[in-house]
Amino acid sequence: EPLFRSCGGWRDMGSHSSGLIDGLNLDLTDSQTGTPLYYLSVKAKNSAGLESAPITSKPIVIVKADVAGITTDGEAATDADYQRHGYHVTAHFSGYESERCGGIASYTWAIGTSPSLADVQPFTTEGLVVHGNGSGAAQIPMDLDSGAEVFCTIKATTKCGNQLQSTSNGITVDTLKPVLTMTSDNDSRRLYERTADSLLFRWLGNDSESGIEEYTWYAGSYPLAADIVNATMTLEESTPPGTIHSVRDGVPTFFSVLTS
């Protein structure tokens, strides 16, 4: 039966000899059974209102469109925004598909200073490993300065010769450690408190490139110890009131804070 009939009747295409038929919701043709198949029929009508006999196309097979996968940055499979060194760049990719062409024939990858550019590393197969099912990873030695941002692009060529491409959202090199300072209330001088009920510590953290992700602090009866308060993670730049208590009068309390 003509496709126009099954989709709700004939459509007026005006006097054009070609056109777009949108609003369809067609099922994919099963590669095993070869069904369903679709047909396109066309008929003409003159100014007197007389219609021609319709002509019908050959069977139309509906296949899944080619899919450009997803490219992520970093050594882990999950996407990273920063890396702590500049001596290599790593990318992962997945989701490339070409059902209508019988799969992907080859992959190449490149690195650029902007999305889709290849001005840092031209397209190459060096360091690229394909895992199958449209996924893989790539890594290549680099010499990048702190603060440099690069984007990885994966280009796949289908067995029909079509190219599918996706680019990562970029990764920035950050080799500079965060800087931590105690505030004026808690400097490097020896401090004394009148009461052992509660001790309060404040600090400031700074990282001009990737920013501070979190702080970890702890307190102990000797330097770097955590026998008074175990390691505690926080986004604040002070200890909560009432969390640190001195062991007893005259015994020092040592406070330590780390950042990442």
Side-chain angles (χ1 to χ4, degrees), residues 1-4 6-7 11 13 16-42 55-80 83 88-142 149-171:
E1 185 178 346
L3 176 62
F4 286 157
S6 63
C7 291
R11 298 192 186 187
M13 306 300 290
H16 302 290
S17 59
S18 64
L20 175 66
I21 304 173
D22 57 8
L24 302 178
N25 186 20
L26 306 180
D27 294 326
L28 296 178
T29 301
D30 189 288
S31 59
Q32 302 296 322
T33 64
T35 58
L37 297 175
Y38 298 90
Y39 299 86
L40 177 66
S41 297
V42 179
I55 58 174
T56 301
S57 70
K58 294 180 179 179
I60 299 173
V61 176
I62 305 299
V63 298
K64 186 177 181 180
D66 291 342
V67 179
I70 297 174
T71 301
T72 59
D73 303 291
E75 298 175 12
T78 55
D79 187 56
Q83 65 181 44
H88 68 241
V89 172
T90 307
H92 291 79
F93 61 94
S94 61
Y96 282 86
E97 297 179 27
S98 182
E99 181 180 294
R100 66 189 183 93
C101 293
I104 305 297
S106 63
Y107 295 89
T108 58
W109 77 302
I111 304 170
T113 54
S114 295
S116 301
L117 285 186
D119 54 339
V120 176
Q121 170 62 55
F123 280 97
T124 180
T125 58
E126 181 180 351
L128 194 152
V129 177
V130 179
H131 301 324
N133 296 324
S135 66
Q139 185 179 90
I140 199 167
M142 284 279 133
E149 183 181 24
V150 294
F151 300 79
C152 297
T153 298
I154 303 294
K155 183 184 294 183
T157 302
T158 71
K159 293 182 179 180
C160 297
N162 301 324
Q163 291 188 333
L164 310 173
Q165 180 173 304
S166 70
T167 302
S168 70
N169 62 2
I171 191 167

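Below, all heavy atoms of this structure are taken into account, side chains as well, without hydrogens, waters or symmetry copies. We count residues from 1, following the sequence as given.
The shortest side-chain heavy-atom distance between N162 and C101 falls under the 4.5 Å cut-off. Residues M142 and V150 have side chains not in contact (no heavy-atom distance under 4.5 Å, counting atoms from C-beta outward). At least one side-chain heavy atom of I21 sits under 4.5 Å from a side-chain heavy atom of L40. Looking only at side-chain heavy atoms (C-beta outward), P59 and Y39 come within less than 4.5 Å of each other.
Under the ring-ring contact (aromatic ring centres under 6.0 Å, His included) criterion, H88 pairs with H85, sequence neighbours left out. Taking the side-chain contact (heavy atoms from CB on, under 4.5 Å) definition, one finds that L117 meets it with T113, S114, D119, sequence neighbours left out. By the side-chain contact (heavy atoms from CB on, under 4.5 Å) test, I70 pairs with T72, sequence neighbours left out. Applying the side chain to side chain donor-acceptor pair (under 3.5 Å) test to Q121 and every residue at least two apart in sequence or in another chain returns nothing. Every side-chain contact (heavy atoms from CB on, under 4.5 Å) that T125 has, sequence neighbours left out, goes to T108. Qualifying side chain to side chain donor-acceptor pair (under 3.5 Å) partners for S57, counting only residues two or more places apart in sequence or in other chains: none. Residues satisfying the side chain to side chain donor-acceptor pair (under 3.5 Å) test with T158, not counting sequence neighbours, are none. Taking K159 as the reference, nothing meets the side chain to side chain donor-acceptor pair (under 3.5 Å) condition, with sequence neighbours excluded. For the side-chain contact (heavy atoms from CB on, under 4.5 Å) test, residues two or more places apart in sequence or in another chain that qualify with S106 are T157.
Put simply, the side chain of D73 never gets that close to the backbone of D79: no donor and acceptor are under 3.5 Å apart. No donor-acceptor pair under 3.5 Å is formed between the side chain of T56 and the backbone N or O of S41. Although no hydrogens or angles enter the test, the distance criterion places no donor-acceptor pair under 3.5 Å between the side chain of H92 and the main chain of T78.
Among residue pairs with one or both ends in residues 91-107, those qualifying as salt bridge (Lys or Arg N to Asp or Glu O under 4.0 Å) are K64-E97, D66-R100; sequence neighbours excluded. Applying the ring-ring contact (aromatic ring centres under 6.0 Å, His included) definition to pairs two or more places apart or across chains, those involving residues 100-123 are F93-Y107, Y96-Y107. Identified under the salt bridge (Lys or Arg N to Asp or Glu O under 4.0 Å) test for residues 16-35, with sequence neighbours left out: R11-D22.
Taking OG of S94 as the reference point, atom CD1 of I154 lies at 10.5 Å (rounded to 0.5 Å). Taking CD1 of I140 as the reference point, atom CD1 of I111 lies at 6.0 Å (rounded to 0.5 Å).
Taking both residues in full, the closest heavy atoms of A118 and A110 are given as CB-CB, 3.6 Å, listed atom of the first, atom of the second, then distance. The shortest heavy-atom contact between G170 and E149 is CA-OE2, 4.4 Å. Closest approach of H131 and A137 over heavy atoms only: NE2-N, 4.0 Å.
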Apply the test side-chain contact (heavy atoms from CB on, under 4.5 Å) to residues L164 and I104: give CA-CA distance (whole Å), side-chain angles for both, the deciding distance (0.1 Å), then the verdict.
CA-CA 9 Å; L164 310 173; I104 305 297; 4.2 Å; yes
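Between the side chains of S166 and T71, at least one donor-acceptor pair of N or O atoms lies under 3.5 Å.
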